[in-house]
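Just follow the structure's listing: the first ligand is 1, and inside any ligand the first atom is 1.
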Amino acid sequence: MNTHVPDPVRPGRLNRRAFLLATTAMTALAPALAAESKRRVVVWAEGTAPEDKVYPQDVNTAIADGLKGLAGWEIVIAGLRDPDQGLSPERLAGTDVLMWWGHKLHGEVKDDLVQRIVRRVKEEGMGFIALHSAHFAKPYRALMGTRCSWREYKADGTSARVIVKLPDHPIARGVKDFELPKIERYGEPFAVPTPEAVVLDGVYTKPNGEKEPGRMGLCWTVGKGRVFYFTPGHETYDDFFRADVRQVLRNAVEWACAAGNSLP
Ligand code: ZN
């Protein structure tokens with residue numbers, strides 16, 4: 001057996017400096033490469049949550065904070081007032097899941113951006129999660145193709161029990177039925193296409209004690225992408241700080257991405 005075969009990996013004396021430089025460069029590059037391989041969720045909000053109430057840093061900051069437990073994800077905050085309304089073509093192209101909170105400024109979102117979002121979902125499999133009053137957000141309505149209205153909206157001291165209807169669904173992982181002591185009541189019916197799954201159901205309790213059912217977590221597949229709608233999330237209630245809600249949203253991000261990170 002020939003024991004003198006040179007090892008191409010071992011540095012010789014003459015090229016040791018080059019080897020060390022290369023090693024150093026690779027080490028410096030490693031975090032960048034790791035970051036690139038992460039999946040990305042962008043948490044977008046229009047910036048209208050009152051600063052003197054529950055979300056002084058806006059809802060997207062609180063939501064992003066709740067997503068921190070997601071391993072292998074880069075979490076990005078974006079907003080309407082950012083350049084390119086927070087979603088440049090480059091950023092959107094590298095986004096696996098887009099989470100959207102809007103309320104008063106839906107009309108300011110540019111149609112060109114809406115079209116790019118819809119294309120990313122339908123043709124390239126980006127996940128889209130609409131929260132609460134984002135039922136009227138342009139991209140959500142474009143994806144649903146319906147009016148997306150609820151029958152009524154009441155922030156009148158209603159509470160709710162959120163009920164896990166599909167315990168085996170990925171969005172219900174680690175989630176048990178839970179209470180929201182305050183919720184804005186969104187009255188059924190909800191003018192959306194029939195969802196492929198209603199993971200979370202709910203029962204509202206009105207101030208007079210009367211009960212009323214209302215769906216809380218609904219799923220669709222639109223083209224190649226997955227879409228989730230979550231009913232709670234009013235800007236003056238603390239839903240996005242609650243552990244149960246945070247668990248649902250972490251699960252939803254992973255579920256919405258599962259259609260595949262099909263970047264072109
Ligand atoms: Zn609201």
Side-chain angles (χ1 to χ4, degrees), residues 43-67 77-81 85-86 98-109 114 128-144 146-163 178-192 195 198-208 210-218 227-249 252:
V43 186
W44 189 98
E46 65 178 25
T48 56
E51 290 177 7
D52 59 343
K53 295 279 187 350
V54 189
Y55 301 105
Q57 308 295 323
D58 206 357
V59 287
N60 53 358
T61 306
I63 294 165
D65 202 48
L67 298 178
I77 290 171
L80 184 66
R81 301 295 175 222
Q85 299 197 322
L98 176 57
M99 194 177 270
W100 195 278
W101 190 98
H103 179 210
K104 298 174 177 170
L105 303 179
H106 301 308
E108 289 193 23
V109 177
V114 175
F128 187 87
I129 298 172
L131 302 167
H132 187 61
S133 39
H135 67 95
F136 271 154
K138 281 185 182 177
Y140 179 68
R141 294 179 81 178
L143 288 164
M144 294 290 100
T146 59
R147 291 175 53 240
C148 299
S149 53
W150 292 90
R151 189 193 79 251
E152 70 167 357
Y153 309 86
K154 294 276 189 217
D156 58 2
T158 291
S159 62
R161 182 168 181 78
V162 179
I163 297 163
F178 61 93
E179 308 286 337
L180 292 174
K182 287 182 185 172
I183 188 169
E184 185 177 17
R185 188 171 73 249
Y186 277 8
E188 298 274 7
F190 184 25
V192 288
V198 178
V199 182
L200 304 171
D201 219 332
V203 177
Y204 295 107
T205 302
K206 298 179 186 178
N208 65 4
E210 192 183 322
K211 307 275 187 191
E212 182 177 309
R215 291 171 291 174
M216 299 284 173
L218 300 79
V227 177
F228 180 63
Y229 174 79
F230 186 61
T231 311
H234 188 61
E235 63 270 22
T236 58
Y237 300 153
D238 65 356
D239 303 349
F240 295 122
F241 289 110
R242 291 181 168 267
D244 301 301
V245 169
R246 289 182 159 193
Q247 182 67 42
V248 167
L249 296 185

Query - For the Zn ion (ligand 1), the closest N/O/S atom belonging to His234 - result: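 Output for this pair reads ND1.
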Query - Donor + acceptor pair across side chains of Thr158, Lys206 (<3.5 Å) - result: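 Short answer, no.
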Requested in this report: Measure from the Zn ion (ligand 1) to each N, O or S atom of Glu184 and report whether any distance is below 2.8 Å.
Outcome: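 Looking at Glu184, which is the residue asked about, there is an N, O or S atom under 2.8 Å from the Zn ion (ligand 1).
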Query raised in the report: Would one find an N, O or S atom of His132, in either backbone or side chain, under 2.8 Å from the Zn ion (ligand 1)?
Result: yes
Query raised in the report: For Arg246 and Asp65, what are the C-alpha separation, side-chain angles and deciding distance, and is it a salt bridge (charged side-chain N to carboxylate O under 4.0 Å, His left out)?
Result: CA-CA 9 Å; Arg246 289 182 159 193; Asp65 202 48; 3.7 Å; yes
**Report entry** Residue that, paired with His132, satisfies ring pair (Phe, Tyr, Trp, His ring centres under 6.0 Å) out of Tyr186, Tyr237, Phe240, Tyr153
**Finding:**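 One option only clears the test, and that one is Tyr186.
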Report task. Give a yes or no on whether the backbone of Gly102 and the side-chain of Ser133 come within a donor-acceptor separation of less than 3.5 Å. Result ->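 Looks like yes, one N/O pair under 3.5 Å.
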